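The block underneath contains the structure these notes are about, expressed in structure tokens.
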2 protein chains.
Amino acid sequence: MTKPRTRIQQRNSDVILEAALEVFSAHGFRGATLDQIAAVAGLSKPNLLYYFASKEAIHVALLSGLLDTWLDPLRAMDPEGDPVAELLAYVRRKLELSRDYSRESRLFANEMLQGAPRIRAALEGDLRDLVQQKAGVLQAWMDQGRIAHMHPVHLIFSVWALTQHYADFEVQVQAVLGSDGADPYPEAAVYLETLFRRLLTP
Amino acid sequence: MTKPRTRIQQRNSDVILEAALEVFSAHGFRGATLDQIAAVAGLSKPNLLYYFASKEAIHVALLSGLLDTWLDPLRAMDPEGDPVAELLAYVRRKLELSRDYSRESRLFANEMLQGAPRIRAALEGDLRDLVQQKAGVLQAWMDQGRIAHMHPVHLIFSVWALTQHYADFEVQVQAVLGSDGADPYPEAAVYLETLFRRLLTP
DNA sequence: TGGTTGTTTGACCGGATGGTCAATTCCGGG
DNA sequence: CCCGGAATTGACCATCCGGTCAAACAACCA
């Protein structure tokens with residue numbers, strides 16, 4: 001549950017979670033099968049269930065490890081720093097997460113779409129608390145006239161929406177931007193920086 | 001295929017599509033079962049398959065009807081109108097779609113997450129063409145100095161991302177904004193209007 | 001009313017899938 | 001080297017699920 005003991009346990013748990021991430025993010029929870037995950041992991045199906053009690057247990061293990069990583073950039077926003085710089089850094093880090101961890105983003109999006117049956121508690125607990133706290137920081141910055149006035153929580157929503165879009169709707173982005181396999185992220189980074197700079201500057 | 005003939009066919013087709021939308025949007029294609037859809041529709045499973053050849057046929061029928069409706073507000077953007085007003089109207093209409101057709105939005109998002117296996121062609125065809133055309137309009141407005149300069153396609157992406165977020169991540173929005181069942185859409189409308197107004201004004 | 005066409009369903013099928021288990025193999029420590 | 005626990009797996013099970021089909025039923029018209 002907490003820390004596997006032997007090296008084999010550690011390695012196989014990691015291999016299974018990596019394979020499960022690949023399959024779950026591509027097909028959703030219901031669409032993924034244990035056989036697929038086992039094949040990707042290079043293990044037999046009963047062997048999977050030797051390490052995790054059930055398909056759901058694998059899914060939960062993935063999700064619970066995910067939310068923390070996902071919120072780290074928001075946590076890193078420093079109330080003592082320069083407001084615009086802090087927010088732009090947050091946007092940049094979040095966009096990097098979308099680029100480097102797009103499977104995690106899609107896994108998370110899948111869970112949200114289904115109504116978050118497995119992490120609702122975390123959303124209404126840790127997530128809500130962190131957002132409310134950081135919204136307070138944003139509000140203070142606005143009251144000090146250091147960034148423009150707006151609804152701080154919706155401001156955070158817009159960072160999430162704009163960055164995650166490039167991971168979750170990757171197919172659409174690629175389809176629209178053309179068949180040339182050009183990486184859309186550099187352009188996106190430039191675009192989002194100008195967007196938030198114009199939005200925030202008082 | 002095109003138009004059902006009898007009144008019974010028309011009514012039952014509609015009932016099935018409505019039920020399928022409910023179930024598919026909540027559980028995804030693979031997560032939905034014909035029995036669930038039949039139960040919601042108030043019909044028997046074989047009766048469903050009397051009207052649609054397969055589970056996939058129902059899904060395709062839903063999706064193909066959807067993309068057009070979804071793009072209507074973008075199509076309605078008038079090159080002859082006032083640029084900022086046209087774009088703000090587009091944002092407002094798109095946000096209304098998210099509010100009034102959130103199930104459709106989630107159905108679409110589900111399809112995107114899976115890599116759009118059933119509508120990739122439409123994305124690379126009609127959708128791409130329309131976006132490129134409207135991007136041209138936006139570019140002209142920028143060249144005339146009527147709105148600020150930025151990447152026009154990413155500007156469209158940001159409209160999609162920001163509006164659809166409220167439908168697709170509804171649980172998260174509700175969880176963060178608190179348990180009071182307050183409607184987040186009025187606030188969202190205000191926020192998005194100020195965001196795009198500041199972004200676009202030259 | 002009778003017949004023809006359109007509609008509905010109970011029963012069933014075959015394959016997929018999550019999960020179990022007894023038996024076997026592997027491996028590290030004494 | 002050997003033994004006990006850890007790791008692995010082939011075979012199997014029960015259930016679910018998409019889809020079929022023949023038979024029953026309803027609707028419409030002559």
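Everything numeric here is computed off the predicted structure, so don't read it as measured data. Throughout, a chain's letter reflects where its sequence line sits, starting with A, and its residues are numbered from 1.
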[N] phosphate, OP1 or OP2, under 4.0 Å from [X] side-chain N/O:
X       : N     : value
B:Asn47 : C:dT9 : yes
B:Gln9  : C:dT7 : yes
B:Tyr50 : C:dT7 : yes
A:Asn12 : D:dA6 : no

Can you tell me how far [atom2] of [N] sits from [atom1] of [X], to the nearest Å?
X       : N      : atom1 : atom2 : result
A:Tyr51 : D:dT9  : OH    : C1'   : 12 Å
B:Leu48 : C:dG10 : CG    : P     : 14 Å
B:Ile16 : C:dT7  : CD1   : C1'   : 12 Å

TODO: Using the test salt bridge (charged side-chain N to carboxylate O under 4.0 Å, His left out), find all partners of A:Asp126 that sit at least two apart in sequence or belong to another chain.
DONE: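 Salt bridge (charged side-chain N to carboxylate O under 4.0 Å, His left out) list for A:Asp126, sorted by chain: empty.
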Open item on the list: Counting primed atoms plus P, OP1 and OP2 as sugar-phosphate and everything else as base, spell out the protein contacts along nucleotides 24-30 of chain C at 4.0 Å heavy-atom distance: B, S or - for each nucleotide, 5' to 3'.
Closed with: -------
Open item on the list: Would you say that A:Phe108 contacts A:Asp168 through its side chain, given a criterion of any heavy-atom pair below 4.5 Å between the two side chains?
Closed with: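 Side chain of A:Phe108 against side chain of A:Asp168, heavy atoms only: no contact under 4.5 Å found.
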Open item on the list: Can you confirm whether B:Arg99 sits close enough to B:Ser102 that some side-chain heavy atom of one is under 4.5 Å from a side-chain heavy atom of the other?
Closed with: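 No, their side chains stay 4.5 Å or more apart.
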Open item on the list: Suppose we screen for ring pair (Phe, Tyr, Trp, His ring centres under 6.0 Å). Which residues come up paired with A:His59, at least two apart in sequence or across chains?
Closed with: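 Partners of A:His59 by the ring pair (Phe, Tyr, Trp, His ring centres under 6.0 Å) criterion, ordered by chain and then number, come out as A:Phe24, A:Phe29.
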Open item on the list: Walk me through whether B:Asp72 and B:Arg75 qualify under salt bridge (Lys or Arg N to Asp or Glu O under 4.0 Å).
Closed with: CA-CA 5 Å; B:Asp72 272 343; B:Arg75 254 185 229 104; 2.8 Å; yes
Open item on the list: Once side-chain hydrogen bond (donor to acceptor under 3.5 Å, both in side chains) is applied, do any residues pair with B:Glu22, and if so which ones, sequence neighbours excluded?
Closed with: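 Residues passing side-chain hydrogen bond (donor to acceptor under 3.5 Å, both in side chains) with B:Glu22: B:Arg103.
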Open item on the list: My understanding is that only residues two or more places apart in sequence, or in another chain, count here; which of them pass side-chain hydrogen bond (donor to acceptor under 3.5 Å, both in side chains) with A:Arg197?
Closed with: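 For A:Arg197 the side-chain hydrogen bond (donor to acceptor under 3.5 Å, both in side chains) partners, ignoring immediate neighbours, are A:Glu193.
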Between the protein and nucleotides 15-23 of chain C, which nitrogen or oxygen pairs are less than 3.5 angstrom apart?
| from | atom 1 | to | atom 2 | distance (Å) |
| --- | --- | --- | --- | --- |
| C:dT17 | OP1 | B:Arg30 | NH2 | 2.6 |
| C:dG18 | OP1 | A:Ala32 | O | 3.2 |
| C:dG18 | OP1 | A:Lys55 | NZ | 2.9 |
| C:dG18 | OP2 | A:Leu34 | N | 2.8 |
| C:dG18 | N7 | A:Lys45 | NZ | 3.1 |
| C:dG19 | OP2 | A:Lys55 | N | 2.8 |
| C:dG19 | O6 | A:Lys45 | NZ | 3.1 |

Task: B:Asp14 and B:Gln10: side chain donor to acceptor below 3.5 Å - done: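 The criterion, which ignores hydrogens and geometry beyond distance, is satisfied for B:Gln10 and B:Asp14.
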